[in-house]
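Below is one structure, written out as structure tokens; the observations come after it.
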Amino acid sequence: MARVAIVTGGTRGIGEAISLALQEAGMTVAANYAGNDERARAFTERTGIPAFRWDVSDHQACLDGVAEVAAALGPVDVVVNNAGITRDGTLLRMTYEAWKEVIDTNLGGCFNMAKATFAGMKDRGWGRIVNIGSINGQAGQYGQVNYAAAKSGIHGFTKALAQEGARFGVTVNAIAPGYIDTDMVAAVPADVLAKIVAKVPVGRLGQAGEIARGVAFLCGEDAGFVTGSTLSINGGQHMY
Ligand code: CAA
């Protein structure tokens, strides 16, 4: 039986590439998305991967969404917590809402999805959870106290849950992408982005597929001895 995987934020950007990489690895994939029905429909038509709409910051919605995926495709063996948002701004300008939205989605989403799937993985003696962190959670970033805190939290969450999952065959790892060529990075003002890219030793933005191939490795049958790790894929921008 093919493993069943959920990729949150799985219809666009890095998430779309991850959905495709897991499909190519032979998994049955469900792509979660939050709001863009049109992009999700186009994604499903193009890839054959079903898309399921719920908000990962909503705890009950995650429990219900995972149950819906399991009813349609089978018990969930693999979760990739990729859904993430930015609400950039310096602390002086950042609203409480911008703080809370980013923490609840980027970090809260990991907790909610793990709560919805971990017990089943434990009972079946096999599971893979991969959390998408960020270089900005490792190094900080001007204008991103919310995002950096959430992503840094993801790295701690990963190491703690890895310790809980190890004896049940459930591995938990993180990937820390650098600046990848997606809509999220395209939203950074061009002059600011040019200065950032100038500091990347490889000299360019990353491609979504370069993150997705790392995720596919960590989700594979052969990666059972890799847990609690963070794989940095950032063109050498931050060596950590
Ligand atoms: N360190 C120190 N000072 C800095 C700085 C830095 N890194 N960046 C800017 N400043 C200074 C500027 O020089 C400027 O100073 P002066 O007024 O004295 O000239 C001051 O801070 C204000 O800078 P801005 O004009 O940029 O301020 P703003 O309020 O217009 O914009 C901002 C602030 C929205 C945060 C903008 O700087 C920005 O968008 N920065 C990019 C944030 C970023 O990298 N986001 C990543 C999104 S993608 C992502 O997150 C994916 C991932 O995981 C990698």
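Each ligand, and each atom within it, is numbered from 1 in the order the structure gives.
In this structure, atom 11 (C) of ligand 1 has protein heavy atoms in its sub-4.0 angstrom surroundings. For atom 39 (O) of ligand 1, a protein non-hydrogen atom is found at a distance below 4.0 Å. Shown here, atom 14 (C) of ligand 1 is out of close reach of the protein: none of its heavy atoms lies under 4.0 Å off. For atom 4 (C) of ligand 1, a protein heavy-atom neighbour is present inside the 4.0 Å cut-off. At least one protein heavy atom sits closer than 4.0 Å to atom 53 (O) of ligand 1. Of the protein's heavy atoms, none falls inside 4.0 Å of atom 19 (O) of ligand 1. Distances from atom 25 (O) of ligand 1 to the protein include no heavy-atom value under 4.0 Å.
A side-chain donor-acceptor contact under 3.5 Å links N106 to the backbone of I85. At distances below 3.5 Å, at least one donor-acceptor pair connects side-chain atoms of N146 with backbone N or O atoms of A98. Judged by distance alone, with hydrogens and angles left aside, the side-chain atoms of T28 form no donor-acceptor pair with the main-chain N or O of A2 at under 3.5 Å. At least one donor-acceptor pair under 3.5 Å links the side chain of Q23 to the backbone N or O of T47. When atom types are taken as modelled, the side chain of R93 and the backbone of G89 share no donor-acceptor pair closer than 3.5 angstrom. Between the side chain of N234 and the backbone N or O of I135 there is no donor-acceptor pair closer than 3.5 Å. Between the side chain of K151 and the backbone N or O of I132, at least one donor-acceptor pair lies under 3.5 Å. No side-chain donor-acceptor contact under 3.5 Å links R39 to the backbone of T11.
Heavy-atom proximity to V192, at under 4.0 Å, picks out these atoms of ligand 1: 40 (N), 41 (C). Atoms of ligand 1 found under 4.0 Å from any heavy atom of Q141 (numbered from 1 in listed order, with element): 42 (C), 43 (C), 44 (O). Remark: ligand 1 atoms within the under-4.0 Å shell around heavy atoms of N136 are 50 (O), 54 (C). Within ligand 1, counting atoms from 1 as listed, the ones closer than 4.0 Å to a heavy atom of I196 are 44 (O). In summary, the atoms of ligand 1 found under 4.0 Å from a heavy atom of S134, numbered by their order in the structure, are 52 (C), 53 (O), 54 (C). Every atom of ligand 1 with a heavy atom of V188 under 4.0 Å away is listed here by number and element: 41 (C), 45 (N), 46 (C), 47 (C).
For atom 28 (P) of ligand 1, the nearest protein heavy atom (residue, atom name, distance) is R93 NH1, 4.1 Å. Looking at atom 45 (N) of ligand 1, its nearest protein heavy atom turns out to be D88 OD2, 2.8 Å. Given atom 32 (C) of ligand 1, the protein heavy atom at minimum distance is G89 CA, 4.7 Å. The protein heavy atom nearest to atom 44 (O) of ligand 1 is Y179 OH, 2.7 Å. If you check which protein heavy atom lies closest to atom 8 (N) of ligand 1, you get Y142 CD2, 3.5 Å. Looking from atom 51 (C) of ligand 1 to the surrounding protein, the closest heavy atom is Y147 OH, 3.4 Å. Counting protein heavy atoms only, atom 35 (C) of ligand 1 is closest to G143 CA, 3.4 Å.
Considering only heavy atoms from C-beta on, I49 comes within 4.5 Å of F43 through its side chain.
In summary, the side chains of N32 and T8 do not present any donor paired with an acceptor at a separation below 3.5 Å, with no hydrogens or angles considered. A donor-acceptor contact under 3.5 angstrom links the side chains of Q138 and S232, judged on distance only. No side-chain N or O of Y33 forms a donor-acceptor pair with one of D55 less than 3.5 Å apart.
For the residues M184, Q237, Q144, the heavy atom positioned nearest atom 50 (O) of ligand 1 is part of Q144.
Within the structure, the closest approach of K151 to ligand 1 does not fall below 4.0 Å when heavy atoms are considered. The shortest separation from a heavy atom of I180 to ligand 1 is not under 4.0 Å, leaving the residue out of contact. Under a 4.0 Å heavy-atom criterion, G178 is in contact with ligand 1.
Between T90 and ligand 1, not a single N/O pair is under 3.5 Å apart. At a 3.5 angstrom cut-off on N or O pairs, T86 does not count as close to ligand 1.
With respect to E38 and R53, no salt bridge is recorded, no charged nitrogen being found less than 4.0 Å from a carboxylate O.
F111 is not connected to Y147 by any chain of hydrophobic side-chain contacts under 4.5 Å among Ile, Leu, Val, Met, Phe, Trp and Tyr, and they are in different clusters.
The distance from the CG atom of N112 to the CH2 atom of W54 is 11.0 Å, given to the nearest 0.5 Å.
The side chain of P189, and not its backbone, has at least one atom closer than 4.0 Å to an atom of ligand 1 (non-hydrogen atoms only; side chain from C-beta on).
Counting heavy atoms of neighbouring residues, nucleotides and ligands inside a 6.0 Å radius, atom CG of D222 does not exceed 12 of them.
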